[in-house]
Participant: 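Got a structure for you, questions after.
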Amino acid sequence: MIRVYVQELATYNSMYGVGKWIEVSEFEHELQNLFKEATLVLKEANNHYGIDAEEYEIVDWECDVDINLDTIYTDIKALQKLEELLENAHEHDIQKISYLLYEGYSIDQIDDEALDGIVSYENWDEAIEEFIENFLEVPNNHAIHFYLDYSKIQRDLEIDRYVEYKGTIFANFN
């Protein structure tokens with residue numbers, strides 16, 4: 001589900017550049033294989049000075065779902081935890097996880113309780129109508145709806161805790 005491109009640094013600095021895409025679930029094992037391959041390249045090029053390849057950098061990432069990993073892609077433990085979260089997540093939970101990462105949550109802060117505290121809406125009208133009905137306790141068919149200014153309510157909700165992210169409205173009640 002999540003893959004990272006790992007560049008081995010000894011070969012990179014020697015201008016040979018050994019690197020490969022690695023699934024985060026297989027990271028530790030595949031990293032050792034990358035180090036062996038890089039050490040072999042250095043030996044074949046007569047650039048091995050008794051120290052095997054041992055340093056790496058994660059330089060890119062791919063994810064099967066629409067989540068921006070720019071802030072965490074170099075942290076393999078966080079990526080492994082994220083992959084565990086995503087493994088059995090439904091689409092609406094994946095959207096919530098993506099939103100929480102966008103809001104600056106760390107992977108350690110994202111759990112069932114955090115996900116339960118997020119409510120999503122398809123559009124602003126739906127969010128505003130639910131806000132009016134549930135928080136202001138005005139029934140949906142009440143005549144006062146004709147006097148409400150939805151754009152001002154939207155402005156106030158945006159100030160409070162409602163955010164539009166990737167075309168969905170999220171309310172964070174955590």
Participant: With L148, which of I132, L136, I128 fulfils side-chain contact (heavy atoms from CB on, under 4.5 Å)?
Facilitator: I132

Participant: When rounded to the nearest 0.5 angstrom, what is the spacing between CD in Q7 and OH in Y5?
Facilitator: 5.5 Å

Participant: As an exercise, state the distance from CD of E103 to CD1 of I110, rounded to the nearest 0.5 Å.
Facilitator: 11.0 Å

Participant: Do the side-chain N and O atoms of T11 and E8 include a donor-acceptor pair separated by under 3.5 angstrom?
Facilitator: yes

Participant: Do the side chains of L9 and V41 join up, straight or via other hydrophobic residues, at under 4.5 Å, putting them in one cluster?
Facilitator: no

Participant: Which heavy atom in G117 sits nearest to a heavy atom in N174, and how many Å separate them?
Facilitator: CA-OD1, 3.4 Å

Participant: Knowing that exactly one of I72, I97, I2 qualifies, which makes a side-chain contact (heavy atoms from CB on, under 4.5 Å) with I67?
Facilitator: I97

Participant: Could you state the interatomic distance from CG (L79) to CD1 (I58), rounded to the nearest 0.5 Å?
Facilitator: 6.5 Å

Participant: For the hydrophobic clusters of this structure (ILVMFWY residues joined by side-chain heavy atoms under 4.5 Å, transitively), does one cluster hold both Y121 and I94?
Facilitator: no

Participant: Given V65 and L86, is the side chain to side chain contact (heavy atoms under 4.5 Å, CB included) satisfied, shown in steps?
Facilitator: CA-CA 9 Å; V65 296; L86 295 175; 3.9 Å; yes

Participant: Counting distance only, does the side-chain N/O of Q32 pair as donor-acceptor with the main-chain N or O of H29 below 3.5 Å?
Facilitator: no

Participant: Indicate the atoms forming the closest heavy-atom contact of D125 with N123, along with that distance.
Facilitator: N-OD1, 3.2 Å

Participant: For E30, is there an ion pair with K20 - N to carboxylate O distance below 4.0 angstrom?
Facilitator: yes

Participant: According to a 4.5 Å side-chain heavy-atom criterion applied to Ile, Leu, Val, Met, Phe, Trp and Tyr, with indirect links allowed, do V119 and F170 form part of one hydrophobic cluster?
Facilitator: no

Participant: Could you walk me through whether I153 and F131 pass side chain to side chain contact (heavy atoms under 4.5 Å, CB included), step by step?
Facilitator: CA-CA 9 Å; I153 294 172; F131 173 78; 4.1 Å; yes

Participant: If you compare all heavy atoms of D60 against all heavy atoms of Y73, which two are closest, and at what distance to 0.1 Å?
Facilitator: N-CE1, 4.0 Å

Participant: For K96 versus I118, what's the shortest heavy-atom pair and its separation?
Facilitator: NZ-O, 3.1 Å

Participant: Are V18 and M15 connected into the same hydrophobic cluster when the rule is that any two of I, L, V, M, F, W, Y join if their side-chain heavy atoms are below 4.5 Å apart?
Facilitator: no

Participant: Find the distance between CE (M1) and OG (S25) and round it off to the nearest 0.5 Å.
Facilitator: 10.5 Å

Participant: Taking all atoms of both residues into account, what is the closest heavy-atom pair of F27 and Q80, and its distance?
Facilitator: CB-NE2, 3.9 Å

Participant: Given K36 and L40, is the side chain to side chain contact (heavy atoms under 4.5 Å, CB included) satisfied, shown in steps?
Facilitator: CA-CA 6 Å; K36 289 175 188 172; L40 184 62; over 6 Å; no

Participant: Return the CG to CG distance between D156 and D149, rounded to the nearest 0.5 Å.
Facilitator: 9.5 Å

Participant: List the atom of S14, the atom of L42, and the distance in Å for their closest heavy-atom pair.
Facilitator: OG-CD2, 3.8 Å

Participant: Mind jotting down which residue pairs meet the side-chain hydrogen bond (donor to acceptor under 3.5 Å, both in side chains) criterion with at least one end in residues 85-94? Sequence neighbours excluded, please.
Facilitator: none

Participant: Could you give the side-chain donor-acceptor pairs of residues 158-169 under 3.5 Å, partners two or more places apart or in another chain?
Facilitator:
unit_1, atom_1, unit_2, atom_2, d
R161, NE, N172, O, 3.4
E164, OE1, W124, NE1, 3.1
Y165, OH, S98, OG, 2.9
K166, NZ, D66, O, 3.1
K166, NZ, D66, OD1, 3.0
K166, NZ, D66, OD2, 3.2

Participant: Under the salt bridge (charged side-chain N to carboxylate O under 4.0 Å, His left out) test against K77, which residue among E84, E83, E28 passes?
Facilitator: E28

Participant: State the CG-CH2 distance between L34 and W21, to the nearest 0.5 angstrom.
Facilitator: 13.5 Å

Participant: Are the ring centres of Y12 and Y56 closer than 6.0 Å?
Facilitator: no

Participant: Do I107 and L101 come within less than 4.5 Å of each other through their side chains, counting heavy atoms only?
Facilitator: yes

Participant: Heavy-atom count around N134 CG within 6.0 Å, excluding the residue itself: above 12?
Facilitator: yes

